[in-house]
Amino acid sequence: MPQVEGHIQRKSMLYKTGVEYGDYTLNFVQGCAHGCKYPCYAFLLKKRFGQIKTYEEWIKPYLVSNTLEILDKEIPRLKDKIMSVHLSFSTDPFMMGYPEIEKMSIAVIKKLNAAGIKCTVLTKGILPITLADFSKENEYGITLISLDEEYRKKMEPGSASYVERLVALKKLHDKGCKTWVSIEPYPTPNLIDQDLKKILKAVRFVDKIIFGRTNYCKDVTSGYPEHKKFYNERAKEVIDFCNEKGIAFHIKNKTITE
Ligand code: SF4
């Protein structure tokens, strides 16, 4: 098992996110060994602000060791303002092969739930079944942009296989947990030619689907001039599917265009 690269300390933890479907979030890991090549928005931001210099640096995670102590101070002050806390927009709480990170994520969820705060979780790793013992208000999600393992290895090299992610999510669903899937960034056919229907079918048991376009990949606009039409059609496919199955959905901003 790989170890985290090291430990760091922070002064604050919970903050309100600007992400359209988020409320509060926190970031107790710096870096992410999943190393997505879309590229990862969190990596681009850290690079822009000079906190990370290279991809090689980004894929070596550091754990914020005083996370729980900070939460003890922040939760009483913020709990009336918080609707939910998302783990995480800037790393992966269930990073593959890092038990120390998984342990911290579970401790964080436990602490937030104990204060009556609901958590939403999103991962490209494996959701542990022990999450089923926590608040049934929590929402557990995986990212699933394809079912093609070759594409996953190319784009999300350090992540869990699609099958492993799906099996873990289904187990939580079967235990009565709320589950969701993020189909974002959905690739255009110049990146991979695939059938969205098959992905939707694989996740038909979830309570909510989030669908969004690829934003940060130049290949999309230069390599696939029809991308607007493509995303309008795929978004409609998601909406029709969700309406038919009674699944909640959210289509990310700018995915549907005129
Ligand atoms: S899993 Fe998320 S945070 Fe980690 S590299 Fe991929 S996109 Fe970035």
Side-chain angles (χ1 to χ4, degrees), residues 1 4 13-14 17 19 21-29 32-34 61 63 67-68 71-72 75 79 82-145 147 152 156 158-184 199-211 242 245-250:
M1 285 280 173
V4 290
M13 196 47 66
L14 291 162
T17 171
V19 178
Y21 61 85
D23 179 36
Y24 273 75
T25 186
L26 78 174
N27 184 15
F28 50 91
V29 180
C32 182
H34 289 169
L63 187 64
T67 300
L68 299 174
L71 286 180
D72 282 337
I75 288 173
K79 74 173 183 189
I82 298 176
M83 305 270 291
S84 64
V85 172
H86 183 75
L87 289 76
S88 174
F89 288 114
S90 44
T91 187
D92 196 304
F94 293 103
M95 207 176 291
M96 278 301 281
Y98 287 87
E100 222 181 323
I101 293 175
E102 173 166 333
K103 205 171 147 206
M104 182 65 93
S105 297
I106 287 174
V108 165
I109 295 169
K110 217 172 177 176
K111 201 174 263 304
L112 289 165
N113 283 174
I117 299 170
K118 150 187 165 174
C119 296
T120 65
V121 175
L122 181 62
T123 187
K124 294 181 184 81
I126 298 171
L127 290 162
I129 195 66
T130 158
L131 291 172
D133 301 333
F134 298 153
S135 166
K136 286 289 188 275
E137 288 301 306
N138 293 343
E139 298 173 16
Y140 303 121
I142 58 163
T143 301
L144 194 75
I145 56 168
L147 293 171
R152 180 194 67 79
E156 302 165 348
S159 67
S161 74
Y162 291 138
V163 171
E164 286 176 302
R165 288 182 216 179
L166 274 166
V167 168
L169 191 70
K170 180 71 166 51
K171 279 186 187 160
L172 287 171
H173 164 80
D174 291 345
K175 289 260 183 192
C177 301
K178 291 184 193 164
T179 56
W180 59 291
V181 66
S182 168
I183 308 179
E184 191 207 10
I199 300 172
L200 293 171
K201 202 173 155 207
V203 299
R204 62 187 180 279
F205 61 88
V206 299
D207 300 287
K208 186 167 70 187
I209 293 178
I210 290 183
F211 181 76
C242 290
K245 305 276 182 215
I247 299 171
F249 63 85
H250 176 85

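Values below: every heavy atom of this structure, side chains too, minus hydrogens, waters and symmetry copies.
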Donor-acceptor contact present, side-chain [X] to main-chain [Y], <3.5 Å:
| X | Y | answer |
| --- | --- | --- |
| T123 | M95 | no |
| Y140 | L131 | yes |
| D207 | T179 | yes |
| N113 | F134 | no |

Between D92 and G125, the two heavy atoms sitting closest are OD2-N, 4.0 Å

State, to 0.1 Å, how close S105 and P93 come at their nearest heavy-atom pair, and which atoms those are.
OG-O, 2.7 Å

As a test of understanding, state which of K118, K178, H86 forms a side chain to side chain donor-acceptor pair (under 3.5 Å) with E139.
K118

Taking 4.0 angstrom as the limit, do K111 and D72 come out as a salt bridge?
yes

For T25 and L87, what are the C-alpha separation, side-chain angles and deciding distance, and is it a side chain to side chain contact (heavy atoms under 4.5 Å, CB included)?
CA-CA 6 Å; T25 186; L87 289 76; over 6 Å; no

Does the side chain of [Y] come within less than 4.5 Å of [X]'s, by heavy atoms?
| X | Y | value |
| --- | --- | --- |
| R165 | F94 | no |
| L26 | L71 | yes |
| F89 | L122 | no |
| K175 | D133 | no |
| N138 | T120 | no |
| I82 | I75 | no |
| P128 | I106 | yes |
| L172 | I129 | yes |

V181: which of I145, L166, V206 passes side-chain contact (heavy atoms from CB on, under 4.5 Å)
V206

